[in-house]
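These notes concern the structure reproduced below.
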Amino acid sequence: MDIRFYNTLTNTVESFAPVDSECVRMYGCGPTVYDFAHIGNFRSFLFADLIRRTLEFFGHNVHQVMNITDVGHMTDDAVADGAGEDKMEAAAKRIREDKKSGKVPEGAVENPDDPYQIAQFYTDAFLEDARQLGMKVAFEYDDNILHATQNIEVMQEMISQLIDRNHAYVGPDGVVYYSVESFSDYGKLSGNTLDQLQTGAGGRIRDSDQAGKRHPADFMLWKADSSHIMKWDSPWGTGYPGWHIECSCMARKRLGRDIIDIHTGGEDLIFPHHECEIAQSRGATGADSFAQFWMHARFLMVEGEKMSKSTGNFWTVRDVLEGRATGNEVHPAVLRLELIKSHYRSNMNFTKKGLQDSAGVVKRLQELRSRLESQTSESANIDASHPILQAFGQCLADDVNVAGALGAVLPWASGDHPDAAESLGILDRINSVLAVAPLGDTGTEQADSDDQPDIISLCAMMDEARAAKDWPKSDEIRAQLEQAGYDVKTTPAGTIAEKKLA
RNA sequence: GGCGCGGUGGCCAAGUGGCUAAGGCAACGGAUUGCAAAUCCGUCAUGCGCGGGUUCGAAUCCCGCCCGCGCCUCCA
């Protein structure tokens, strides 16, 4: 199968082939851990997961690596490359407040002044969210998710290399800067030239912040600052690394190559972050490429508006799952599908209605599975030549067209399934990519007719009322169950209440 | 100002030169039901942001315009 992906580097859709046919190496920029990740973050993380699963669907062996940015860095964008309030300090303040309000459980972060505790708290929260949403790499935390703070040494090595190769210099202010003029391809990824960057910046860059730089676009690799909350010794003074260097280093270190296959991230990372990564990596390795393919997910809107804290539509994963976003609890598979179903290069509009649509799809696929599993315990081994998998795969191979792939799957799902084992095999292959029916690897889903005693007894009471033809009472109980977030069904075996998926 | 992406029915979303424009949701009609839910059957874009052009033929190619979004040193 010819797999084609859109490559930001060339602005075209290209055929994908890994550098090393044995293994596809992909790296994705992960979260910063000063706060809970939001659904926009997860749209792009799940997009990376989808690419991985698509490649695996076609038989590739994939090594995926992601970073956790736990170095503080700066918050104040008016200041070019440093200073400002440290993000860890800001998080410490917030955690103290959240502990008072109960948003962060008492005892979760023993000492908010310890940035490592804060980072670990939000890292754990991120991993929990990521696993709930079926992100494969989140189950490989020990191996393939790397913390910036545990890789300071390789960063320092790369900075030394860059200095040795005349790509970096120590400015008169003592800061180590990357010299963008030393790298002729700087700007290629984002379609910028150094001239454009300079004029485009307008009045936003203050001269005082440029004092130590040879070119205004030069960016920081290391800043000596012994007052910084997270700091390490280095040949350039005790301080902290620049924001971009961690990805260059960790990708190379863990993936074991100077040139990798795919690098992913949100569209906002194209510039400056990924542009700088390329400059650093290629400057250090001397190779003519860092990642063959650069793939970026577009932003997510919420009910047609930009997601922002000020408009009150800023949702974390747990806000959505626990019902704070829409008023209904949402099954993780529904959120997963909602975040992956629209094309990654279009703006997706996250809406309550969209979630309910996704819930319908998830339910259909889950019900198909239980129907098939009630008929057979075997799942036939189906190869990709089956017409449904062909159609499904062709859409995925075409720059990850999930909507098209669903268009192939859903009519099949609604149709007849004379050979249950075959259909189950097909569903398993489809679900290896979508991961919604079921979501987890374990195959266990939350029970339907929830084991909650009160729900079961309400169902029993409804059966009694119906047997006595006491219709008003029956209707009253059904309303009560629906109020509690259940779909109520009357079956030959009696009344069943199923938790709504969204 | 520069660079890039996009605009398909009430909503989501395929289709990128050629039969009657996938699929889902919603809606509506019917079967079923105590009433519902679920399920099944049926209906639902002479039109693809707007205006030109190329072509035997365009949602699809070309030109112009309008609108939305992102980036241009916090950002998924």
Side-chain angles (χ1 to χ4, degrees), chain A residues 6 8 11 28-32 37-48 73-81 84-85 87 187 189-193 195-202 204-205 209-210 213 216-220 243-244 264-273 275-276 296-301 304 306-308 338 341-343 345-349 351 353-361 363-364 367 391 395 398 401-414 466 469-472 474-475 478-479 481-482 486-491 495-498:
Chain A
Y6 183 90
T8 307
N11 286 131
C29 289
T32 50
H38 55 72
I39 53 176
N41 298 129
F42 272 96
R43 147 112 139 148
S44 81
F45 300 148
L46 286 172
F47 146 70
H73 299 299
M74 49 293 181
T75 55
D76 189 348
D77 67 340
V79 181
D81 274 321
E85 188 181 32
K87 282 186 171 169
L189 179 73
S190 56
N192 278 308
T193 62
D195 286 350
Q196 282 168 358
L197 285 172
Q198 207 158 355
T199 52
R204 273 168 295 166
I205 296 176
D209 300 321
Q210 299 301 317
K213 296 184 184 182
D218 286 355
F219 56 92
M220 179 192 126
W243 171 40
H244 314 298
T264 63
E267 61 176 331
D268 57 323
L269 296 183
I270 296 170
F271 190 91
H273 187 53
E275 196 73 78
C276 294
H296 297 95
R298 298 226 41 188
F299 269 27
L300 160 145
M301 318 275 284
K306 289 181 203 180
M307 183 167 68
S308 73
E338 180 63 13
K341 78 177 179 189
S342 53
H343 192 82
R345 280 191 295 119
S346 306
N347 274 125
M348 83 150 290
N349 190 15
T351 61
K353 192 167 178 308
L355 275 175
Q356 280 162 352
D357 284 3
S358 294
V361 171
K363 191 159 191 185
R364 277 177 61 180
E367 281 176 353
C395 290
D398 180 17
N401 178 2
V402 179
L406 283 172
V409 167
L410 291 170
W412 167 80
S414 302
R466 295 186 72 246
K469 296 197 191 296
D470 184 351
W471 309 129
S474 167
D475 290 348
R478 176 165 49 220
L481 284 164
E482 281 172 351
Y486 286 80
D487 285 325
V488 180
K489 286 186 193 175
T490 306
T491 73
T495 300
I496 293 176
E498 290 178 345

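First the proteins, then the strands, lettered A, B, ... as listed; each starts at 1.
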Counting side-chain heavy atoms from CB outward, which of B/G4, B/C35, B/C74 is closest to A/Trp243? B/C74
Distance, P atom - from B/G10 to B/G42, rounded to whole angstrom: 24 Å
Specify whether A/Trp243 and A/His273 have parallel, tilted or perpendicular ring planes, treating 30° as the upper limit for parallel and 60° as the lower limit for perpendicular. parallel
Using side-chain heavy atoms (C-beta onward) and a distance below 4.5 Å, is A/Glu338 in contact with A/Ile39? no
What does A/Lys306 touch in the nucleic acid at a heavy-atom separation under 4.0 angstrom: a base, only the sugar-phosphate, or nothing? sugar-phosphate
Contact string for nucleotides 11-26 of chain B, one letter per nucleotide 5' to 3', B = base within protein heavy-atom range under 4.0 Å, S = sugar-phosphate only, - = neither, reads BSSSS------BSBB-
Separation of A/His273 atom NE2 from B/C72 atom C1', in whole Å? 17 Å
Would a 4.5 Å heavy-atom cut-off, applied to side chains only, mark A/Trp471 and A/Arg466 as touching? yes
In whole angstrom, what separates A/Leu269's CG from B/C72's P? 10 Å
Atom CZ of A/Phe219 and atom P of B/C74: how far apart are they, to the nearest Å? 14 Å
Give me the distances for all protein-to-nucleotides 60-63 of chain B N/O pairs that come in under 3.5 Å?
none

What I'd like to find out is whether the side chain of A/Arg298 reaches to under 4.5 Å of the side chain of A/Arg43, using heavy atoms alone. yes
Could you tell me the Watson-Crick or G-U partner of B/A38, where both distances fall under 3.5 Å? Say none if there is no partner. none
With both distances kept under 3.5 Å, what pairs with B/U32, Watson-Crick or G-U wobble? none
What distance, rounded to whole Å, do you find between the two P atoms, one in B/G7 and one in B/U60? 12 Å
Can any side-chain N or O of A/Glu482 pair as donor or acceptor with the backbone N or O of A/Val488 at less than 3.5 Å? no
Classify the side chain of A/Thr193 and the base of B/G2 as holding, or not holding, a donor-acceptor pair under 3.5 Å. no
Base, sugar-phosphate or nothing for A/Phe299? Non-hydrogen atoms, less than 4.0 Å. base
Tell which nucleotide pairs with B/G1, taking only Watson-Crick or G-U wobble pairs whose two distances are both under 3.5 angstrom. B/C72
By nearest atom, which of the nucleotides B/C71, B/G6, B/A38 is closest to the A/Arg345 side chain? B/G6
Listed partners of A/Ser414 passing side-chain hydrogen bond (donor to acceptor under 3.5 Å, both in side chains), at least two apart: A/Arg364
If we take the C1' atom in both B/G52 and B/G15, what is their distance in whole Å? 25 Å
Taking atom P of B/C72 as reference, at what distance in whole Å does atom CG of A/Asp268 sit? 8 Å
Does the base of B/A38 carry an N or O that pairs as donor and acceptor with the side chain of A/Thr491 under 3.5 Å? no
Check for a donor-acceptor pair, side chain of A/Asp487 on one end and backbone N or O of A/Glu498 on the other, with a separation under 3.5 Å. no
Quote, to the nearest angstrom, the P distance that separates B/C56 from B/C65. 28 Å
Closer to the 5' end of RNA chain B via nearest nucleotide, is it A/Asn192 or A/Leu300? A/Asn192
Quantified in whole Å, what is the P atom distance between nucleotide B/U43 and nucleotide B/A21? 15 Å
Restricting to ring-ring contact (aromatic ring centres under 6.0 Å, His included), what partner residues turn up for A/Phe47, sequence neighbours left out? A/Tyr344
With distance as the sole criterion, do the side chain of A/Arg478 and the base of B/A36 form a donor-acceptor contact below 3.5 Å? yes
Pairing check on B/C56: which nucleotide meets the Watson-Crick or G-U wobble criteria with it, both distances under 3.5 Å? B/G18
C1' spacing across the pair B/A38 / B/C44, given as an integer number of angstrom: 22 Å
Using the C1' atom as the point on both nucleotides, what is the distance between B/A36 and B/C75, in whole Å? 48 Å
If the P atom of B/U33 is compared with that of B/A27, how far apart are they to the nearest Å? 22 Å
Verdict with supporting geometry, A/Ser358 and A/Lys341, side chain to side chain donor-acceptor pair (under 3.5 Å): CA-CA 8 Å; A/Ser358 294; A/Lys341 78 177 179 189; 3.1 Å; yes
May I ask you to say what A/Asp475 touches in the nucleic acid, namely base, sugar-phosphate or nothing, with a heavy-atom cut-off under 4.0 Å? base
B/A37, OP1 or OP2 - any side-chain N/O from A/Tyr486 closer than 4.0 Å? no
ring-ring contact (aromatic ring centres under 6.0 Å, His included) partners of A/His343, counting only residues at least two apart: none
Atom-to-atom span, CH2 of A/Trp471 to P of B/A37 - whole angstrom: 16 Å
For B/G6, the Watson-Crick or wobble counterpart (both distances under 3.5 Å): B/C67
Please identify each residue that fulfils side-chain contact (heavy atoms from CB on, under 4.5 Å) with A/Asn401, with sequence neighbours left out. A/Cys395, A/Ala403
Atom-pair distance (NZ on A/Lys489; C1' on B/A38), nearest Å: 5 Å
Which value, rounded to the nearest 0.5 Å, describes the distance between A/Gln356 atom CD and A/Lys363 atom NZ? 12.5 Å
Let me know the distance between CE of A/Met307 and P of B/C69, rounded to the nearest Å. 15 Å
Rounded to the nearest Å, what distance is computed from the CD atom of residue A/Glu267 to the C1' atom of nucleotide B/C71? 8 Å
Taking pairing as Watson-Crick or G-U wobble with both contacts under 3.5 Å, can you name the mate of B/A26, or confirm there isn't one? none
